[in-house]
Peer 1: 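Let me give you the structure first, and then I'll get to my questions.
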Amino acid sequence: MSEMSRQYPFLDLAKTNAPYMQELKAAACEVIERGRYLHSEQTELLEQEVAQLCQADYCVAVSNGLDALRLILRAYKEMGVLQDGDEVIVPANTYVATVLAVSDNGLTPVLCDVRPDTMNLDSRLLEGLITPRTRAIMPVHLYGTPCCDALLLDVARQHGLLIVEDNAQAIGALSDVPGLQGTHATGCLGHAAGISFYPTKNLGALGDGGAVVTSDEKLAQTVRAIANYGADRRYHNIYRGLNCRLDEIQAAMLRVKLRHLEHENAQRAAVAQAYQASISNPRVTTPVIFDTMRQTWHQYVVRVARRDDFRKFLLDNGVGTDVHYATPPHRQPCYAQLAHGELPVTEALAQEVVSLPIAHPITPDDARAIAEIINRF
Ligand SMILES: Cc1ncc(COP(=O)(O)O)c(C=O)c1O
C-alpha cells in the first residue's frame, strides 16, 4: 500500500469513535466503579431506548446480532409456533448470519432472489416460493435500505406467515410502507426483529452486542428466558437455554453512541447524496436514494463490472473499499447441500458490488473527491 493509499481508508473505527472518547471513558468508568457488570441499570436503560427508537413495546439486549435472530426463531419453536423443518424465506443477497439463524434452529432456509434496484428481497418472487411448510419471511434491510413493501405484507397476511426482520444494518431507518399507516421504524414492520451492535454497525459497540425488538410480550419473555439459561426466574429453568447476555459495559457504550446515532445517520446520508450527485462514470451504478424512506447507509454499495481493476485503481489513488458480499450464503461450503432455484440478481451482485467509504470521518467533501477519482476510472 502506498502512502497515498492511506488518504481515505474504508473504515477506521478508532477515528469513527474518537468524537465520543470522553463520554465513552466516563460511561465505562461509571460501570467499573458501580461493580454490576451484567443485567443491570445500563442494559435496562438501553433496552428502553432501543425499543422506543424501533417503535416496539419490548427490547431484549443480547450478545450479538446472530444470537438475536437465533433467539427469535428458537422462541417461536418453544412457543409451538414453529416446528423442525418449517421453511423460512430469506433473501439470497445477505450476510450468512441471516441464513445461519434459520438452519441453526432446524428450520429450512428458502432463498429468494433480490431486486437490482434495492438489492433487497424481491417480494414479487414470494408467491412462487411458498409451500405448505412455509411459516415465515425474514426480510433483511441490507446496507440500511428498508426492505418491506405492501406486497410482502400482503403475501405474509394471506398465508399467515411470520415476518422476522433482520435489522442488523438498519437501526434508525424509517419505511413508509403503503398499507401500514404512517412512517414506521425498521424493527416494527413485522412480528420481531434482530439488531446487531457489531463494532462496524451504525450503532456499534466496542465489542459484540445485539438486541431483539418486538411488541409481542410472550415472545419477548421467551427470548429473555432462553437468553438467560432458559430461566424464567433465578435457578428455575423452563427451557434448555443459552447464555446470550450483553455486558453492562457494552450497554453503557451503546447508550453513549445512541445519543449521536441520528446525527451519524444524517452524516452518512449527506455523504451518500454527495456520492450520488458527483459520480458520473457510466460504468459505475450508484445505489438508489429513496425519498419515501430514511435509509441508514450502513454501506454505500456501487456496482461495477471490472471490480478488481476498479478496487485496485481506487486503492492506488488512496481510497480503501470493501465488498459486501463476494460470496453469497448459498455459495459458502457449509451450504453446498442447500437446495435453491436460480438466483441471477444475487449472482450478478456478488461479482459487481463494491462498498465505498461512508462512516465518520468521511465527509461530503471527501465523497466528492473520491467521486472525482471514480470518474477517472
Ligand atoms: C445482515 C446481517 N445479519 C446478521 C448479522 C449478525 O450480527 P452479529 O455480527 O452482531 O452477530 C450481521 C452482522 O454481522 C448482518 O450484517
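All ligand and atom numbering here is 1-based and tracks the order in the structure. Computed over heavy atoms, backbone and side chain alike; hydrogens, waters and symmetry mates excluded. Here the structure is a predicted model, which means the values were calculated and not measured.
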Peer 1: Please confirm whether Ser196 comes within less than 3.5 Å of ligand 1 when only nitrogen or oxygen atoms on both sides are compared.
Peer 2: yes
Peer 1: Counting heavy atoms only, which part of Tyr143 comes closer than 4.0 Å to ligand 1: side chain, backbone, both or neither?
Peer 2: neither
Peer 1: In terms of relative ring orientation, are Tyr95 and Tyr325 parallel, tilted or perpendicular, with 30° and 60° separating the classes?
Peer 2: tilted
Peer 1: May I ask you to say whether Glu347 pairs ionically with Arg331, meaning some side-chain N is under 4.0 Å from a carboxylate O?
Peer 2: yes
Peer 1: Could you tell me the residue and atom name of the protein heavy atom closest to atom 13 (C) of ligand 1, and the distance to it rounded to 0.1 Å?
Peer 2: Lys201 NZ, 2.7 Å
Peer 1: Closest non-hydrogen protein atom to atom 5 (C) of ligand 1, residue and atom name please, with distance?
Peer 2: Ala97 CB, 3.7 Å
Peer 1: Counting only heavy atoms, tell me which of Gly210, Ala168, Gly209 gets closest to atom 12 (C) of ligand 1.
Peer 2: Ala168
Peer 1: Do any N/O atoms on Asp166 end up under 3.5 angstrom from N/O atoms on ligand 1?
Peer 2: yes
Peer 1: Does a side-chain N-to-carboxylate-O contact under 4.0 Å join Asp316 and Lys312?
Peer 2: yes
Peer 1: Please enumerate all residues that pass salt bridge (Lys or Arg N to Asp or Glu O under 4.0 Å) together with Arg283, with sequence neighbours excluded.
Peer 2: none
Peer 1: Output yes when Asp308 and Arg311 qualify as a salt bridge under the 4.0 Å nitrogen-oxygen rule, no when they do not.
Peer 2: no
Peer 1: Could you tell me, atom by atom, which parts of ligand 1 come under 4.0 Å of a heavy atom of Tyr325?
Peer 2: 16 (O)
Peer 1: Would you say the side-chain atoms of Thr145 pair up with the backbone N or O of His141, donor to acceptor, closer than 3.5 Å?
Peer 2: no
Peer 1: For His263, enumerate each residue passing the ring pair (Phe, Tyr, Trp, His ring centres under 6.0 Å) test, keeping only those at least two apart in sequence or located in another chain.
Peer 2: none
Peer 1: Using distance alone, decide if ligand 1 has a nitrogen or oxygen within less than 3.5 Å of any nitrogen or oxygen in Gly65.
Peer 2: yes
Peer 1: Give the residue and atom name of whichever protein heavy atom lies nearest to atom 11 (O) of ligand 1, and the separation in Å to one decimal.
Peer 2: Leu66 N, 2.9 Å
Peer 1: For atom 16 (O) of ligand 1, grab the closest protein heavy atom and report residue, atom and distance to one decimal in Å.
Peer 2: Gln169 NE2, 2.8 Å
Peer 1: Applying a 4.0 Å heavy-atom criterion (strictly less than), which segment of Val140 is in contact with ligand 1: side chain, backbone, both, or neither?
Peer 2: side chain
Peer 1: Is Glu248 salt-bridged to Arg36, going by a charged N under 4.0 Å from an acidic O?
Peer 2: no
